[in-house]
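For reference, the structure is listed below as structure tokens.
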Number of protein chains: 2
Amino acid sequence: MLLALICAATQVNAQNARLTNYVNPFIGTGAVKSSLSGNTYPGATVPFGMVQLSPDTRDEPDWDAACGYDHNDTFIAGFSHTHLSGTGVAELFDVLFMPITGEIKTRAGDKNQPYSGYGSAFSHDQESARPGYYQVKLKDHDVNVELTAAAHSGFHKYTFPKGKQARVVIDLNHSMKKGNWGCHVVSAQFRMVNDHAIEGYRVITGWAKLRKIYFYAEFSKPVKGNDFVDGGTQYFNQTVINGTDLRAILDFDTDDKPLLAKIGLSAVSPENAKLNLTTEIPGWDFDKTVAAADAQWEQELEKIKVQGTPDQMQIFYTGLYHAFIQPNNLADVNGDYVGSDYAVRNDKNGFYSTFSLWDTYRATHPLYTLIQPQRDAAFVNSMLRQYETYGYLPIWQLWGQENYCMIGNHAIPVVVDAVLKGLPGIDAERAYEAVKKSSTTDHPGSPFKVWEQYHYMPENIQTQSVSLTLEMAYDDWCVAQLAKKLGKTEDYQHFMERSAYFKNLYDKSTGFFRSKDDKGNFIAPFSPLEYGGNGGNPFTEGNAWQYFWYVPQDIKGLIALTGGEKNFAAKLDTFFTLSSKNREVNGNASGFIGQYAHGNEPSQHVTYLYDYAGQPWKTQQYVNKVMNELYNTSSSGYSGNDDCGQMSSWYVFSSMGFYPVNPTSGIYAIGSPTMKKAVMQVGDKTFTVTAANVSAKNIYIQSAKLNGKKHDRVYITQQDITTGGTLEFVMGPKPNKSWGAKPADRPQ
Amino acid sequence: MLLALICAATQVNAQNARLTNYVNPFIGTGAVKSSLSGNTYPGATVPFGMVQLSPDTRDEPDWDAACGYDHNDTFIAGFSHTHLSGTGVAELFDVLFMPITGEIKTRAGDKNQPYSGYGSAFSHDQESARPGYYQVKLKDHDVNVELTAAAHSGFHKYTFPKGKQARVVIDLNHSMKKGNWGCHVVSAQFRMVNDHAIEGYRVITGWAKLRKIYFYAEFSKPVKGNDFVDGGTQYFNQTVINGTDLRAILDFDTDDKPLLAKIGLSAVSPENAKLNLTTEIPGWDFDKTVAAADAQWEQELEKIKVQGTPDQMQIFYTGLYHAFIQPNNLADVNGDYVGSDYAVRNDKNGFYSTFSLWDTYRATHPLYTLIQPQRDAAFVNSMLRQYETYGYLPIWQLWGQENYCMIGNHAIPVVVDAVLKGLPGIDAERAYEAVKKSSTTDHPGSPFKVWEQYHYMPENIQTQSVSLTLEMAYDDWCVAQLAKKLGKTEDYQHFMERSAYFKNLYDKSTGFFRSKDDKGNFIAPFSPLEYGGNGGNPFTEGNAWQYFWYVPQDIKGLIALTGGEKNFAAKLDTFFTLSSKNREVNGNASGFIGQYAHGNEPSQHVTYLYDYAGQPWKTQQYVNKVMNELYNTSSSGYSGNDDCGQMSSWYVFSSMGFYPVNPTSGIYAIGSPTMKKAVMQVGDKTFTVTAANVSAKNIYIQSAKLNGKKHDRVYITQQDITTGGTLEFVMGPKPNKSWGAKPADRPQ
């Protein structure tokens, strides 16, 4: 009914038909009543752009507002131009702009929470956002702020109150919490270019070891006066200032017209910052830039057209939006970029970074292989450039630099998957060299000589050993698949052997993967409910229950360890029902269904494992439960960090009815479609999924047809999708336990 | 007699005639019996090169061995490729190489003095050095080390003992004392290129805010095995390692042939490091590179040919050598360089840095204007590039970056002097813009708005106020001179007014320049003997006695303040005889004759001031005293830091008989020549100075002729020198008080 209304509205108002209208950038921006949020921000950005222009509600954002914004805050420090979406660490926040009226307040109050002195209260009823556009009224200054963005540029529109002194503060010392990861500004500069333009830069250390950010900004009105501040020292009406704690306060006349400010960023040079701006936003038409950003988003979102309830469509398109915010192209419009070795290089195809790979290899990159194949190839080629300059592929790559966040080497599945799926423009032999070297060159967290010696990770040599053993075995399986494709038989056999090392940590007596020491003894005491964090425990941000399921490369082998499908399914039943709320959990584990924690990545494929044990209706049941209960359209619409689109990608796939349990297999396990119809554009083909009779109650698959032919298998392949076609489901309120239950129907 | 012997030897052995033979790189390398040294190093370098390959006798050199080497030390940590000559702060020390035999010792012993674990004892009887060549026997490893250099390259020759494991350690974490100026390695890498080559880089913060150093090294024998170390973690036989505390230990076969290692550096990229090496040292002929370095030095030293005693010639040519070590060309062979804004730029004429301007504007740059005019123009154009990217000219520029060391803006005299003297290839209007902006744009230590408001620096607003008032007034006079030349009358008058502000701090009651507060009151108590350091006191590394004489732009005005020439000369007499040894002195003040402290720059022109008061014989007396007593050929041959050649340049000028008291005037006050003959090559002309009868006792000028005509003036001009000619002195054991004593003879 609601869907019908929407369809009707479409005919009346073409604008309403735009998919961008379904995006709600506030989803995931803040917890509600101590629930969790996605750590996403509401600001303006374009797909895969360098600039994300968004409000920061803290002076020094930390992990709990890693994106800079918390929907529960009532204060805005200003609008900075670069942000991370959904990460667990705060970083970037470059070149903060803040329009103010009157004087800057002196620093005072809580010394532990430095106060910017120019921030303002705001409320959500005077705030709005859509893709490429953000608006808020600053209460303290009575200024209406509108923001939009291009790939390397931000565009600000400030409507000041009449009769008050209009000022713009630019803060080059605004950052993540100083001292975290050694964060400090090494050098910074402001320079008045003329009475309409200011440029500058900052060099800053932090989670990204070293970043240079140059900017060039122009204003629609002349700067009438300027106050440059370095720490406590003020310099009035100077053309230049160098320092480390820099703010510029620029004065403007207030008249009937809003003040417009546009700014280009570059990691390479001040000249490139200007070139980026003048290329992307040559004029002063704010609305045109808003429309251009919207058009870019529309084009990307149209890769999948779904029909669902308004809430489902809002969650879906916001998810797709979040998945397309990054990876970010750090190369300037002329192709210049700074490599991982800090040397300037050039690639006209761009240089992408922000690779939160422990998260995004699971579903986000598989999603890219379907609807962003050219871009995913560019992502892979950017990762290969890290291999060339750094010696191994990214683990967590931020602003072109490795930060070794999380475990494993999950660029490997991404690279291998891209090659196996035939993405354009990737040199397969070069890719193989990269994945092999990344699997044999010891580096922090990846002691491969230990791996080869013990055939598991001994906890007393390498912490997080169980999680690492499981995940490393998977990466090895991926290397083996590419070796096989390229006819490297010896390598194939070796890496296949390594991919089975997970078995060496299986403890029959407890039925779990357990840590061993370097003598081969299981380490006691052991509780499958005990959580580890990011070191000092065999498990990574989870426990033995959650990590038990992590053998995507050999689910049959995992099932065999449990004694067969029946035991395996029973263990899944326990997993989804066993409560342990009275135990202390890791902060990243959230979104619980029993021990299942949808809020963090290790669990996210587990609902689909019933498919592999002949009980797909339970997959359908739990996948639906997750979609309905752990996603919503509020600011706490995610049950944990979105992690650069991984939580979103899970929903995008699952709502269409399938999910890449083994992300590098080209196999998608079927879950439970919630969209009445989904049409995916794959190159010049379309792949359509329909779900007849689907509703909140009709969640169980009764039958399925692929291209008109009966489809009892509980999976589809990459080829099924990319050759185009139609997958038709018929849904009902009760499980059809015979559908997909035969051994031959199991995902291969 | 000794001279005659040398001349005889010349005829026998042409090699001995080379001026490079007079250079003793050990002069100034270490104090003897608690005297002072020059903080110079004995290693291998070429004139104005990027690479200075020299032993470091400390693991973490600090201010007391700022050049890395102390002649009193008996330990060598290794041989790093970049050094500062004669500075008061330790910095650079990039890419340390150390040949060893056997295992690396574990870190132990004094925790406050970290031990490299691979260092070795050495003794001076197994050590030698000459320009472009250094040799030492490492006792602990029984390895003979020979070093030579090209502009961006180092060349090592290691002779290992037979039958022992030959190893080379490369340390990328060797640096100045960690934590000083926030010194720490941000990122570093080693990468085996093939079995003969290794490359890598480090990014490091410190006195230079941020430096990137890429290297590419080749060995004459294959690397048989390698151990990469990051802190406490070892990685054996890997091709790559990334980290912050990196060492590489490379194993080689030992055979009859020495192991050769050559290495190129770049601040831009690994490719450029390789390009620099392959361009400069394409082959493996160590002796050829030694000879090339020697030839480069010979060519530069031949700019002045002197005849003096062997000791005088050793001091003279070592001084010239020290003056020509820097400024250093940081641009790669293809012209690529990193600007002060950290962006990569290109200039085929090079990009020079290491500007210790508070020191070198006094005599070193005037010396360059005579015998290195093209290079001094390139230095000035490099300074102008800082103006373009940084907004004002350098104060102390290190590795392309400002560090604000010392006071004033003494690039101004250098730039103005170069333009006024017509050095080639400098845009005068652009230069004027730079000096004017550098004199009107407030920056740390230079609050020009305060200067314009008070007409002196009030100590309660700006510390070191008396020294700064005096030195800033001089810089302003320089700006005025260029304004005058360019017809900018208004500016000329304004800056001439500013150049007289020194008078506003003259205290008639004490006869000294004294600090005032912002109310115009002299600050009490006051003692002319009380020293200041680098802040918190009105005087900079000196006292009121030493700073009294700092009015080079208006010595007549200074004389008038004292009540006339007689009083002025009497005050000079007191200055050179007043002892105050029982008072605490600043560590930089040394080389005392009364209150005169030749070991630091503020005093260095004062011996020449008698010329201005009609008593030139006293100038002759004290100049001789300084040359004879405060310079020698030992490791403590300087009475204080050589300061990038300033102490050396004083000697070079003074031993020829003249000195630029006002460095930007083109006027050289005559002192007392100690060289029998000096022939200076100025372009295609020669200027010859002879001193008939000169000896240790015949130090007084009896008469003089310029180009055959009687010369009673106690000065010569830049034009006198650059047009070529001969200045003939007749010396004697007693003063001729009538020579140069008439008012018309005074320096103008």
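Atom set for the values below is all heavy atoms of this structure, side chains included, hydrogens, waters and symmetry mates excluded.
Within a 6.0 Å radius of NZ in A:Lys274, no more than 12 heavy atoms belonging to other residues, nucleotides or ligands are found.
Salt bridge absent: B:Lys209 and B:Glu402 never bring a charged side-chain N and a carboxylate O closer than 4.0 Å. A salt bridge links A:Asp347 with A:Arg385: the distance from a Lys NZ or Arg NE/NH1/NH2 to an Asp or Glu carboxylate oxygen falls below 4.0 Å.
Proximity to chain B involves both the backbone and the side chain of A:Tyr342, based on heavy atoms less than 4.5 angstrom apart. Contact of B:Phe190 with chain A is not made at all, since no heavy-atom distance falls under 4.5 Å. Residue A:Phe448: no heavy atom, backbone or side chain, is found under 4.5 Å from chain B. In this structure, chain B has no heavy atom under 4.5 Å from any part of A:Pro447. A:Val203 touches chain B through its side chain: at least one heavy atom from C-beta onward sits under 4.5 Å away, while N, CA, C and O do not. Looking at A:Gln401, neither its backbone nor its side chain comes within 4.5 Å of chain B, counting heavy atoms on both sides. Both the backbone and the side chain of B:Tyr390 come within less than 4.5 Å of a heavy atom of chain A.
Atom CG in B:Asp518 sits 11.5 Å away from atom CD in B:Glu459 (nearest 0.5 Å).
In this structure, B:His443 and B:Tyr392 have parallel ring planes: the angle between them is below the 30° cut-off, well short of the 60° mark. Relative ring orientation between A:Tyr214 and A:Tyr201 is described as tilted, the plane-to-plane angle lying within the 30° to 60° band.
The residue among A:Thr239, A:Thr205, A:Val186 with the most heavy atom pairs within less than 4.5 Å of chain B is A:Val186. For the options B:Arg345, B:Lys437, B:His184, heavy-atom pairs under 4.5 Å to chain A are most numerous at B:Arg345. Counting heavy-atom pairs under 4.5 Å between each of A:Asp341, A:Asn272, A:Val344 and chain B puts A:Asp341 at the top. Ranking B:Asn242, B:Thr244, B:Ile241 against chain A, the residue ahead of the rest is B:Asn242, based on heavy-atom pairs under 4.5 Å.
The minimum heavy-atom distance linking A:Leu393 with A:Met383 is given by the pair CD2-O, 3.5 Å.
B:Lys348 and B:Asn334 share no side-chain donor-acceptor pair at under 3.5 Å.
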